[in-house]
Amino acid sequence: MENIMLIAPPAAGKGTQAELICKKYHIPHISTGDILRQVSQENSEIGNYVRETLASGKLVKDEITYQLIKNRLSLNDCKNGFLIDGFPRNLEQAIEYDKILKELGYDLGKVIYIHVARNTLEKRIVGRRMCKSCNTIYNINDPKQSPKVESVCDKCGGELYQRSDDNLEAFNTRFDTYEEKTEPIIKYYRDKKVLNKVDGESSIKVVFNRIDKIINN
Ligand code: AMP
């Protein structure tokens with residue numbers, strides 16, 4: 001199985017698509033956002049720093065993400081393919097990622113870029129809810145993506161919550177950061193001729209089928 005990298009603006013459905021891909025192909029989902037949200041619960045200096053940074057919508061320091069990613073990718077479950085989501089987030093991280101892959105003996109694999117317009121994302125962000133236990137994502141403003149019981153995860157019964165950065169103010173910071181820092185990596189991978197662009201404005205199923213075609217190509 002080839003490795004997969006997902007690049008997308010905030011609230012583009014990246015996490016949802018990642019879960020579907022990982023389920024179908026039995027590969028681990030490596031999300032720097034999820035890893036950092038876990039770190040943010042620690043009562044330590046780093047935990048406090050990460051918690052404050054996440055809530056502001058800004059990026060966590062590169063060095064912290066490198067260590068977390070290296071540790072995670074070194075685990076055995078990544079040896080037969082993995083999906084990486086949320087990393088790299090800027091050009092420096094993309095260059096460092098090439099080094100990490102080389103060090104660990106992995107290939108870059110397929111880079112998939114999900115494109116969604118900013119005004120669509122703004123509408124989605126305020127309705128997004130996430131399960132505290134299994135990270136499943138819902139949207140209470142979309143009947144097709146709402147949980148059956150309010151605030152309860154359909155899959156595991158866990159409690160749903162709103163991410164501290166899922167408000168318009170933090171979204172605007174995150175989107176501006178994305179445009180400034182992440183768009184150069186789209187060019188980086190386009191120049192390397194490994195970028196696959198997907199229109200992410202359709203339903204979850206349709207977008208998944210588009211991505212699946214690329215994976216099987
Ligand atoms: P996500 O769940 O991918 O939307 O990430 C949530 C937040 O985690 C981001 O807004 C950043 O604050 C932080 N984050 C995730 N990935 C990275 C990364 N590669 N570098 C720096 N910060 C990150």
Side-chain angles (χ1 to χ4, degrees), residues 3-22 28-42 46-73 82-101 108 111-116 118 120-122 124-139 160-186 188-189 200:
N3 298 325
I4 298 165
M5 179 194 288
L6 287 187
I7 305 175
K14 184 164 52 83
T16 304
Q17 294 299 332
E19 291 303 331
L20 293 172
I21 298 164
C22 290
H29 175 195
I30 317 299
S31 153
T32 39
D34 286 348
I35 296 173
L36 287 166
R37 274 185 285 282
Q38 233 167 14
V39 174
S40 77
Q41 286 169 26
E42 289 170 15
I46 176 165
N48 294 342
Y49 160 73
V50 170
R51 188 163 52 251
E52 278 169 25
T53 311
L54 292 194
S56 75
K58 291 188 187 134
L59 291 185
V60 168
K61 284 189 198 120
D62 286 346
E63 290 67 33
I64 294 178
T65 64
Y66 297 158
Q67 207 49 51
L68 292 169
I69 277 294
K70 251 194 236 173
N71 290 348
R72 184 60 189 90
L73 293 183
F82 57 84
L83 180 149
I84 191 152
D85 149 13
F87 187 91
R89 232 23 182 238
N90 59 37
L91 199 54
E92 293 74 31
Q93 291 187 6
I95 292 164
E96 183 66 23
Y97 187 53
D98 285 341
K99 288 189 203 153
I100 294 173
L101 289 174
L108 175 65
V111 179
I112 299 171
Y113 161 45
I114 306 171
H115 178 267
V116 180
R118 183 173 188 150
T120 311
L121 299 171
E122 266 179 24
R124 283 187 192 174
I125 203 95
V126 284
R128 182 154 77 168
R129 298 291 181 274
M130 203 165 180
C131 174
K132 266 188 186 165
S133 309
C134 72
N135 293 331
T136 297
I137 298 157
Y138 296 87
N139 199 305
L160 302 187
Y161 75 107
Q162 185 170 28
R163 280 171 43 168
S164 62
D165 53 355
D166 276 354
N167 57 71
L168 271 187
E169 196 189 342
F171 169 78
N172 284 326
T173 307
R174 284 157 71 203
F175 196 90
D176 292 344
T177 306
Y178 168 80
E179 270 192 325
E180 184 197 333
K181 311 255 186 193
T182 309
E183 291 214 328
I185 72 172
I186 293 168
Y188 180 74
Y189 291 123

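Both counts, for ligands and for their atoms, begin at 1 and track the order of listing. As the structure is a computational prediction, the values presented were derived from the model and not from experiment.
- Close contacts of ligand 1 with Leu59, meaning ligand atoms under 4.0 Å from a residue heavy atom, involve 21 (C), 22 (N).
- Ligand 1 has a nitrogen or oxygen under 3.5 angstrom from a nitrogen or oxygen of Val60.
- For a threshold of 3.5 Å applied to N or O pairs, the pair formed by Gln93 and ligand 1 contains at least one separation below that value.
- Here is the list of ligand 1 atoms found below 4.0 Å of a heavy atom in Arg37: 2 (O), 6 (C).
- At least one side-chain heavy atom of Ile30 sits less than 4.5 Å from a side-chain heavy atom of Ile35.
- Across Cys22 and His29, no two heavy atoms sit closer than the pair SG-CB, 3.6 Å.
- Ligand 1 has a nitrogen or oxygen under 3.5 angstrom from a nitrogen or oxygen of Arg89.
- Between Asp62 and Arg89, every side-chain heavy-atom pair lies at or beyond the 4.5 Å cut-off.
- A salt bridge links Arg118 and Asp176; the closest N-O separation between the charged side-chain nitrogens and carboxylate oxygens is under 4.0 Å.
- Ionic pairing of Arg174 and Asp166 is present here: one or more N-O contacts between side-chain nitrogen and carboxylate oxygen are shorter than 4.0 angstrom.
- Residue Leu36 approaches ligand 1 through these ligand atoms, each under 4.0 Å from one of its heavy atoms: 8 (O), 13 (C), 14 (N), 15 (C), 23 (C).
- Checked against a 3.5 angstrom limit, the closest N/O atoms of Thr53 and ligand 1 fall outside it.
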Might you work through the side chain to side chain contact (heavy atoms under 4.5 Å, CB included) test for Phe82 and Arg72, ending with a clear yes or no? CA-CA 11 Å; Phe82 57 84; Arg72 184 60 189 90; over 6 Å; no
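- Counting only heavy atoms of the protein, atom 7 (C) of ligand 1 lies nearest to Leu54 CD2, 3.5 Å.
- Counting heavy atoms under 4.0 Å from ligand 1, residue Arg163 touches it through the side chain alone.
- Between Thr32 and ligand 1, at least one N/O pair is under 3.5 Å apart.
- Here the side chains of Arg128 and Ile137 are in contact, with some heavy-atom distance below 4.5 Å.
- Inter-residue side-chain proximity for Tyr97 and Ile185 is flagged as unmet; no heavy-atom pair is nearer than 4.5 Å.
- Annotation: Gly86 places an N or O atom under 3.5 Å from an N or O atom of ligand 1; distance criterion only.
- The heavy atom nearest to atom 12 (O) of ligand 1, out of those in Glu52, Lys58, Lys181, is found in Lys58.
- The shortest N/O to N/O separation between Thr65 and ligand 1 does not fall below 3.5 Å.
- Relative ring orientation between Tyr178 and Phe175 is described as tilted, the plane-to-plane angle lying within the 30° to 60° band.
- If you number the atoms of ligand 1 from 1 as listed, the ones under 4.0 Å from a heavy atom of Lys14 come out as 3 (O).
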